[in-house]
**Q** 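Quick one: this structure, given as structure tokens, is what I'll be asking you about.
Order of the sequence lines fixes the chain letters, A, B, ..., with proteins taken first and strands second; residue numbering starts at 1 for each chain.
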Number of protein chains: 2
Amino acid sequence: MAGNSRLTIATHVLTWMALARRRGQDLLTSEQVAASVNTNPVIIRRSLGDLRRAGLVEVRRGAGAGWTLARAPEEITLLDVYNAVEQQPLFAMHHTEPNLECPVGKGIRPALDHAYDGVEQALCQELRRTSIADVLKRTLRE
Amino acid sequence: MAGNSRLTIATHVLTWMALARRRGQDLLTSEQVAASVNTNPVIIRRSLGDLRRAGLVEVRRGAGAGWTLARAPEEITLLDVYNAVEQQPLFAMHHTEPNLECPVGKGIRPALDHAYDGVEQALCQELRRTSIADVLKRTLRE
DNA sequence: CCTTGTTGTAACAAGATCTGTTGCAAACGG
DNA sequence: CCGTTTGCAACAGATCTTGTTACAACAAGG
């Protein structure tokens with residue numbers, strides 16, 4: 001599992017934008033953000049694109065362009081970020097269809113769907129308990 | 001996310017073994033299990049190997065060999081299965097080290113660790129609420 | 001209207017991971 | 001000793017992720 005670090009990157013980006021805003025710098029370019037994450041600006045633009053489609057940030061194009069937070073850091077939770085950057089469910093079903101002649105092969109998928117739904121709900125509830133402001137506070141403390 | 005279906009495969013295997021045991025067939029070969037999952041026996045042996053190392057199943061080698069459940073289906077939870085088949089954490093950190101000159105780059109990783117720990121705990125608590133016996137019951141109902 | 005700086009996105013490479021497959025040595029019951 | 005089955009290595013194909021380069025689209029400001 002853990003094939004990707006998208007939640008980590010997006011949270012880093014937003015936390016950095018929250019700190020910059022507190023310091024009076026409202027407009028940031030993807031290059032400036034990339035300097036903190038230490039990666040390529042295109043990676044940051046991809047992440048910011050996800051966040052923009054989810055309504056968490058806004059962009060201004062053209063010369064002197066850049067990004068701003070669309071909401072206060074207190075109003076952005078890790079669940080918002082997770083939903084913005086993760087599309088696929090947590091656990092995948094079988095690659096190949098199970099043997100439908102077998103009672104287990106026939107009924108296992110709805111049974112697993114039910115269990116996995118509960119897990120995803122628990123995950124979402126926990127993610128919603130932390131905001132970008134919380135992450136920033138803890139980031140500066142350590 | 002969801003790069004893999006290991007939890008699904010392993011749960012399917014155990015559910016099928018629970019049903020077979022209820023029908024009086026205690027010893028199953030990887031080929032018999034593979035017929036229900038509809039995949040290659042080596043895939044099943046890999047999954048059963050994880051489950052054996054976790055103490056959830058037992059194996060007898062040689063001629064007339066096969067697998068048995070090491071515990072009652074009521075005593076095996078999805079958390080046991082998850083721990084048996086998933087090693088890596090749910091969310092990955094940055095691939096490249098963040099810029100430690102930046103206060104966010106410096107402090108973000110412990111802050112994220114803390115948040116991710118809470119999420120994993122919530123995930124585990126929810127997974128523990130469902131047993132293989134529960135999955136079997138719901139599988140046969142639908 | 002033109003220059004300039006920035007975004008949006010496509011195309012591609014390298015690496016990792018996952019599933020599936022083949023082959024074979026090791027184990028062991030009969 | 002034979003026959004069955006596991007354990008495991010090696011490999012192929014598919015997909016995903018990160019990183020990189022390149023370039024068109026866009027708009028602010030002179």
Side-chain angles (χ1 to χ4, degrees), chain A residues 1-10 12-13 17 25-35 37-54 57-68 70 85-99, chain B residues 1-10 12-13 17 25-35 37-54 57-68 70 85-99:
Chain A
M1 193 84 68
N4 75 71
S5 56
R6 278 194 283 212
L7 181 59
T8 293
I9 299 297
H12 186 148
V13 167
M17 290 176 76
Q25 188 168 16
D26 228 26
L27 201 65
L28 294 167
T29 68
S30 61
E31 196 152 1
Q32 291 172 305
V33 181
V37 181
N38 190 26
T39 184
N40 192 293
V42 176
I43 303 290
I44 301 300
R45 290 209 284 273
R46 285 211 272 252
S47 185
L48 281 165
D50 288 336
L51 298 173
R52 176 176 54 78
R53 278 181 283 276
V57 300
E58 284 165 0
V59 64
R60 229 176 60 192
R61 301 192 60 180
W67 303 83
T68 55
V85 300
E86 292 290 350
Q87 331 294 337
Q88 303 210 300
L90 210 46
F91 303 117
M93 281 292 147
H94 311 66
H95 273 205
T96 63
E97 180 165 80
N99 179 1
Chain B
M1 194 83 70
N4 76 71
S5 56
R6 280 195 282 213
L7 181 59
T8 293
I9 300 298
H12 186 148
V13 166
M17 290 176 75
Q25 188 168 18
D26 229 26
L27 200 65
L28 294 166
T29 68
S30 59
E31 195 152 1
Q32 291 172 306
V33 180
V37 181
N38 190 26
T39 183
N40 192 292
V42 177
I43 303 291
I44 301 300
R45 290 211 283 273
R46 284 211 273 251
S47 185
L48 281 165
D50 289 336
L51 298 173
R52 175 176 54 78
R53 279 181 283 276
V57 299
E58 283 164 2
V59 65
R60 227 176 60 192
R61 301 193 59 181
W67 304 83
T68 55
V85 301
E86 292 290 350
Q87 331 294 337
Q88 303 211 300
L90 210 48
F91 303 117
M93 281 292 146
H94 312 65
H95 273 205
T96 64
E97 179 166 78
N99 179 0

**Q** Tell me every residue that passes side chain to side chain donor-acceptor pair (under 3.5 Å) with Ser30(A), counting only those two or more places apart in sequence or in another chain.
**A**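 Counting only residues at least two positions away or on another chain, Ser30(A) forms a side chain to side chain donor-acceptor pair (under 3.5 Å) with Arg45(A).
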**Q** Within this structure, what is the CZ-to-P distance between Phe91(B) and dT17(D), rounded to whole angstrom?
**A**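 Checked: the CZ to P distance equals 13 Å.
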**Q** Residues two or more places apart in sequence or in another chain: which of them pass side chain to side chain contact (heavy atoms under 4.5 Å, CB included) with Ala34(A)?
**A**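 Residues passing side chain to side chain contact (heavy atoms under 4.5 Å, CB included) with Ala34(A): Pro41(A), Ile44(A).
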**Q** Output all residues satisfying salt bridge (charged side-chain N to carboxylate O under 4.0 Å, His left out) with Arg53(A), sequence neighbours left out; order by chain, then residue number.
**A**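 Partners of Arg53(A) under the salt bridge (charged side-chain N to carboxylate O under 4.0 Å, His left out) test: Asp50(A).
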**Q** Run the side chain to side chain contact (heavy atoms under 4.5 Å, CB included) test against Ala65(A) and tell me which residues pass, sequence neighbours left out.
**A**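 By the side chain to side chain contact (heavy atoms under 4.5 Å, CB included) rule, Ala65(A) matches no residue at all.
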**Q** Please confirm whether the shortest side-chain N or O distance from Ser30(B) to OP1 or OP2 of dT6(D) is below 4.0 Å.
**A**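 Yes, within the criterion.
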**Q** Check the distance between dG19(D)'s C1' and Arg6(A)'s CZ and give it to me in whole angstrom.
**A**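 Taking atom C1' of dG19(D) as the reference, CZ of Arg6(A) is at 15 Å.
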**Q** With a 4.0 Å limit, can you tell me whether Ser5(A) has a side-chain N or O closer than that to the phosphate oxygens OP1/OP2 of dT18(D)?
**A**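 For dT18(D), OP1 or OP2 has a side-chain N or O of Ser5(A) closer than 4.0 Å.
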**Q** Separation of Trp67(A) atom CH2 from dT6(C) atom P, in whole Å?
**A**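 One finds 13 Å between P of dT6(C) and CH2 of Trp67(A), rounded.
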**Q** Under the side chain to side chain contact (heavy atoms under 4.5 Å, CB included) rule, collect the residues that match up with Leu28(B), sequence neighbours excluded.
**A**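 Partners of Leu28(B) under the side chain to side chain contact (heavy atoms under 4.5 Å, CB included) test: Met17(B), Ala20(B), Gln25(B), Gln32(B), Val33(B).
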**Q** Can you check the Met93(A) CE to dT19(C) C1' distance for me, whole Å?
**A**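 Checked: the CE to C1' distance equals 17 Å.
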**Q** Write down the distance between CD (Glu97(B)) and P (dT18(D)), rounded to a whole number of angstrom.
**A**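 It is 17 Å, rounded to the nearest whole Å.
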**Q** With DNA chain D as reference, determine whether Ile43(A) or Leu28(B) sits nearer its 5' end, using the nearest nucleotide of each.
**A**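 First, find each residue's nearest nucleotide; the 5'-ward one identifies Leu28(B).
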**Q** Think Thr39(B) has a side-chain N or O under 4.0 angstrom from the OP1 or OP2 of dG20(C)?
**A**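 Answer yes for this pair, as a side-chain N or O of Thr39(B) is under 4.0 Å from OP1 or OP2.
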**Q** Between Glu86(A) (CD) and dC16(D) (C1'), how many Å, whole number?
**A**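 Checked: the CD to C1' distance equals 12 Å.
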**Q** What string of B, S and - do you get for nucleotides 22-30 of chain D 5' to 3' if you count protein non-hydrogen atoms under 4.0 Å?
**A** ---BBBB--
**Q** Mind calculating the distance between CD (Glu31(A)) and P (dG8(C)) to the nearest angstrom?
**A**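 Roughly 15 Å, once rounded to whole Å.
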**Q** For His95(A) and dG20(C), give me the distance from atom NE2 to atom C1', rounded to whole Å.
**A**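 Distance check: His95(A) NE2 to dG20(C) C1' gives 10 Å.
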**Q** Okay, side chain of Thr8(A), backbone of Ala92(B): is any donor-acceptor separation there less than 3.5 Å?
**A**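 Yes, because the side chain of Thr8(A) sits within donor-acceptor range (under 3.5 Å) of the backbone of Ala92(B).
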**Q** Between dT5(D), dT20(D), dG20(C), spot the one nearest the side chain of Asn40(B), thanks.
**A**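 For Asn40(B), the side-chain atoms sit closest to dG20(C).
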**Q** Using only modelled atom types and a 3.5 angstrom limit, is any donor from either the side chain of Arg46(A) or the base of dG19(D) paired with an acceptor on the other?
**A**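 Such a pair is found, so the answer is yes.
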**Q** Short question: side chain of Asn38(A), backbone of Glu97(B) - any donor-acceptor pair under 3.5 Å?
**A**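 Judged by distance alone, yes, a pair lies under 3.5 Å.
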